A.B. asks: 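Sharing a structure below in structure tokens format, with a few things to ask.
Note that the structure is a prediction, hence the values are computed from the model and not measured. Chain letters run A, B, ... following the sequence lines, proteins first, then strands; residues in each count from 1.
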4 protein chains.
Amino acid sequence: MSSPDRPLRTDAARNRELLLAAAEEEFAEHGPSASVAAIARRAGVAKGTVFRHFATKEDLIASIVSGHLTILTAGIARLADAADPGEALLEFLTVAADQRQQHDVDFLWTLSEGDPRVTELRDQLYAGIELLVDRARAAGAIRSDVTSTDVFLLMCAPVHVVANLPNPAPELWKRYLAIIFDGLRPEGASPLPQPAPTLP
Amino acid sequence: MSSPDRPLRTDAARNRELLLAAAEEEFAEHGPSASVAAIARRAGVAKGTVFRHFATKEDLIASIVSGHLTILTAGIARLADAADPGEALLEFLTVAADQRQQHDVDFLWTLSEGDPRVTELRDQLYAGIELLVDRARAAGAIRSDVTSTDVFLLMCAPVHVVANLPNPAPELWKRYLAIIFDGLRPEGASPLPQPAPTLP
Amino acid sequence: MSSPDRPLRTDAARNRELLLAAAEEEFAEHGPSASVAAIARRAGVAKGTVFRHFATKEDLIASIVSGHLTILTAGIARLADAADPGEALLEFLTVAADQRQQHDVDFLWTLSEGDPRVTELRDQLYAGIELLVDRARAAGAIRSDVTSTDVFLLMCAPVHVVANLPNPAPELWKRYLAIIFDGLRPEGASPLPQPAPTLP
Amino acid sequence: MSSPDRPLRTDAARNRELLLAAAEEEFAEHGPSASVAAIARRAGVAKGTVFRHFATKEDLIASIVSGHLTILTAGIARLADAADPGEALLEFLTVAADQRQQHDVDFLWTLSEGDPRVTELRDQLYAGIELLVDRARAAGAIRSDVTSTDVFLLMCAPVHVVANLPNPAPELWKRYLAIIFDGLRPEGASPLPQPAPTLP
DNA sequence: TATGAATGAGCGTTCATTCAT
DNA sequence: CATGAATGAACGCTCATTCAT
């Protein structure tokens, strides 16, 4: 009685995870034009199975992005009251870059922009980042003219920078995160030429 | 009558430029999936004419990227012996981003990775960047642990960061270039966690 | 306990009827392309259950048509010895059209043409119609050059004619049955230009 | 100069006609589910060619129906001032049934209901039928309670009736047209049980 | 040289059908 | 018996590319 219909769901859930992983890899390798057929093949299932789990290719993309966003937001919760706010923000950016497992699938964010789930999760994530950034700024760990939107936008840069290399070292992104984070520190900050943007 | 086949050549050259411009706009608007038909339509020529000028769609992309690379390399020549090497490097990065500002066609670089023309021009550009970076480092304008490859990889970041916003202010990228360039300065530089990569 | 497997059988029989009704409605609403999934959903059962009751979609269609044919044949039995043979034939055609009135599923007849059950029931119905037509002709209620095959073929026409209208009045078919039946009467009959066909 | 670009168009026009003919045959044989691939195969062209000529399958269907409607309307023009209005109406119904070449593609009318071209042509045809019917009624050739809408709806019936037969004689539809037309005559007309419908 | 009609592989998606649970 | 996850063939449609004119 306690879990009467789980057995079937076990297989289905496994396929769902296989598909999400396969899709992420295919998108990382072939960009937005990765085909559903290739994703299915990589996951070891038939094409039709993809559509049992995700109504459309767009829905699949939104599900990948939702997973990312959820992990990121969860990460923030653990860092929200860390002793060192500067360290906490750096740690968040580290987690943010790391959880993509070197996959530069930034473009999926763009492709899923209209999805309501994604919009909601993105707003939650944004609120969390605002918290971290406010605390870091209050603690003097980052320059005063940098906003949470700046951090939100810069978050993806380290992985993307590295993606221009054919076979990047697995943790090379840490190098560029360090450089960019140094640019956020108060030390030696030059005035910023443009006002901070706001999210729509 | 004095030069019987010049008019045609002139037309052909003009068509080539029209096509490159149209293609850049189409790619900027519709991403990598911009269609040859739409490019031809925008250029005001028939589809077949595209293939008279560019063997394949890939070749067209490589031609666009080649144009960009050539302009960038030419820009370096003008900056190579500037009085202030730090300013010269920043100026180069500004020009580099500015050129893309109107059209974020970063992804075309990735799509044209295998093209020999692009590889050659990229290597030339890389050599030019090395020059600027070496001079800037020697002048103490940038930190000593940053290499020309780092700069090469970071070059596209400001425009890319901004591309995550739906309707970015036209010069917003300057804000992120300033932040990233601050990260390249010697002041307050923290040690970099990973060795600099090398280009293949 | 006294009849241990009756409850299940009862459920099964109920499901069968639910499915037939649901299928008829789905076919009426969506035409021949009504999907098995939608039928199952409307009947409140799982897709697999449809195939437990009907080997294929074709078999389901044939079962619907068989039901219609059975009802029609049964109707003839009641009319076979009516006092007024002309009235009996008209009454039969009225019942035949009325049965379809709610759901114009004419096309199902065509789709089930090869089914042996349907063929057998159709032959029985045909025999019944022959009886009615022969009596009506003998009584002088219909013209002498009209055969039972003619009536068989014309039987569906009133409903079909009306189906060309988006929102026909529920009994509009009666208007066209009246016109067509007038064409079958001896009064003012013009000679028929082609010999009567025979059923295969 | 008088026909500078016709040569290419000749082939294209021929393909267009081949496709329309092939489509009509495929639809007649397989109903609404006739596939574009099969139509292309029957026409002897590649699948893509279908879509060069007709934007969608729906557009192809609407083009077929438009052709039918145009022919019918043209036929009316020739009959509009015939000496015998009753004969003219019968002649029109004969042409209407004949031009379908025994193909019962009634359902295409329904499938193309939303197309503006079809709607316009249908209205023109309807106006023409109204003319013929009014004249025939004024001449006493048809009963007074029959309207042009009735004739419009009954127009397809002869061919449809015959379509229920596997291998009907090529002109068998004339038999049922005669019966139905007899039903429209004033002689022996019984009162009609339902008011005449109006087109939307 | 320029055109645009034709091609056919490939795409996202649907759906009748099967079968492990 | 019923379920619903999985299958894979087929569908409508797109598009880079070819080639007769």
A.B. asks: Does the side chain of Thr56(C) reach to within under 4.5 Å of the side chain of Ile61(C), using non-hydrogen atoms?
C.D. replies: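 Side-chain contact under 4.5 Å: no.
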
A.B. asks: Report yes if the side chains of Leu20(D) and Glu24(D) come closer than 4.5 Å at any heavy-atom pair, otherwise no.
C.D. replies: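 No - every pair of side-chain heavy atoms lies 4.5 Å or more apart.
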
A.B. asks: Rounded to the Å, how far apart are Phe51(B) CZ and dA5(E) P?
C.D. replies: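 Distance check: Phe51(B) CZ to dA5(E) P gives 16 Å.
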
A.B. asks: Give a yes or no answer on whether the side chain of Lys57(D) reaches the backbone of Ser35(D) with a donor-acceptor pair at less than 3.5 Å.
C.D. replies: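 Flag not set: sc Lys57(D) to bb Ser35(D) has no pair under 3.5 Å.
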
A.B. asks: Check the distance between dG4(F)'s P and Arg16(A)'s CZ and give it to me in whole angstrom.
C.D. replies: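 After rounding, the gap between these two atoms is 18 Å.
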
A.B. asks: dA2(E) C1' sits how many Å from Leu19(B) CG, rounded?
C.D. replies: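 After rounding, the reported distance stands at 12 Å.
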
A.B. asks: Select base, sugar-phosphate, or nothing to describe what Ala34(A) touches, counting heavy atoms under 4.0 Å on all strands.
C.D. replies: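 Answer is sugar-phosphate: Ala34(A) comes under 4.0 Å of backbone atoms only.
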
A.B. asks: Report the residue from Leu111(A), Asp106(A), Thr110(A) that forms a side chain to side chain contact (heavy atoms under 4.5 Å, CB included) with Leu108(A).
C.D. replies: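 Running side chain to side chain contact (heavy atoms under 4.5 Å, CB included) over Leu111(A), Asp106(A), Thr110(A) with Leu108(A) returns exactly one hit, Leu111(A).
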
A.B. asks: Could you give the distance from CH2 (Trp109(B)) to CG (Asn164(A)), rounded to the nearest 0.5 Å?
C.D. replies: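 Going from CH2 on Trp109(B) over to CG on Asn164(A), the span is 8.0 Å.
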
A.B. asks: Can you tell me how far P of dA16(E) sits from NE2 of His30(C), to the nearest Å?
C.D. replies: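 Distance, rounded to whole Å: 13 Å.
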
A.B. asks: In chain order, what residues pass the side-chain hydrogen bond (donor to acceptor under 3.5 Å, both in side chains) check against Arg42(A), with sequence neighbours excluded?
C.D. replies: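 If we apply the side-chain hydrogen bond (donor to acceptor under 3.5 Å, both in side chains) test to Arg42(A), skipping adjacent residues, the hits are Glu25(A), Glu26(A), Glu29(A).
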
A.B. asks: Can you tell me how far CG of Leu19(D) sits from CD1 of Ile39(D), rounded to the nearest 0.5 angstrom?
C.D. replies: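 Nearest 0.5 Å value for the CD1-CG distance: 8.0 Å.
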
A.B. asks: When the distance from CG of Leu18(C) to P of dC1(F) is rounded to whole Å, what number comes out?
C.D. replies: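 So the CG-P distance, Leu18(C) to dC1(F), works out to 16 Å.
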
A.B. asks: Where along residues 52-64 of chain B does a heavy atom fall under 4.0 Å from DNA chain F?
C.D. replies: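 Correct list: Thr56(B), Lys57(B).
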
A.B. asks: In terms of ring plane angle, is the pair His160(A) and His160(B) parallel, tilted or perpendicular, where the classes change at 30° and 60°?
C.D. replies: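 If you compare the ring of His160(A) with that of His160(B), the planes turn out parallel.
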
A.B. asks: Select from Gly44(C) and Arg41(D) the residue whose nearest nucleotide in DNA chain F is closer to the 5' end of that strand.
C.D. replies: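 That would be Gly44(C).
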
A.B. asks: Which pair of heavy atoms, one from Asn15(A) and one from His53(A), lies closest together, and at what distance?
C.D. replies: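 Looking at all heavy atoms of both residues, the shortest contact is CB-NE2, 3.8 Å.
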
A.B. asks: Find the distance Asp11(D):CG to dT7(E):C1' and express it as a whole number of Å.
C.D. replies: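 For the pair Asp11(D) CG and dT7(E) C1', the rounded distance is 14 Å.
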
A.B. asks: Let me check something: any side-chain donor-acceptor pairs from residues 45-52 of chain D under 3.5 Å, sequence neighbours excluded? List them with distances.
C.D. replies:
none

A.B. asks: Quickly work out the Ile39(D) CD1 to dC11(F) P distance and round it to whole Å.
C.D. replies: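 Nearest whole value for this atom pair: 11 Å.
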
A.B. asks: What contact category does Val45(C) fall into here, base, sugar-phosphate, or nothing, at under 4.0 angstrom with non-hydrogen atoms?
C.D. replies: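 Sugar-phosphate contact only.
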
A.B. asks: As a check on the pairing definition, encode DNA chain F in dot-bracket form, counting Watson-Crick and G-U wobble pairs whose two distances are under 3.5 Å, and using | for partners outside this strand.
C.D. replies: .||||||||||||||||||||

A.B. asks: With sequence neighbours excluded, tell me which residues meet side-chain hydrogen bond (donor to acceptor under 3.5 Å, both in side chains) with Ser63(D).
C.D. replies: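 With sequence neighbours excluded, Ser63(D) shows a side-chain hydrogen bond (donor to acceptor under 3.5 Å, both in side chains) to Arg117(D), given in chain and number order.
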
A.B. asks: Choosing from dA2(E), dT3(E), dA16(F), which nucleotide comes nearest the side chain of Asn15(B)?
C.D. replies: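 Of dA2(E), dT3(E), dA16(F), dA2(E) is nearest to the side chain of Asn15(B).
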
A.B. asks: Check nucleotides 8-10 of chain F for protein N or O atoms closer than 3.5 Å to its own N or O atoms and list the pairs.
C.D. replies:
residue	atom	partner	partner atom	Å
dA10(F)	N6	Lys47(A)	NZ	3.4

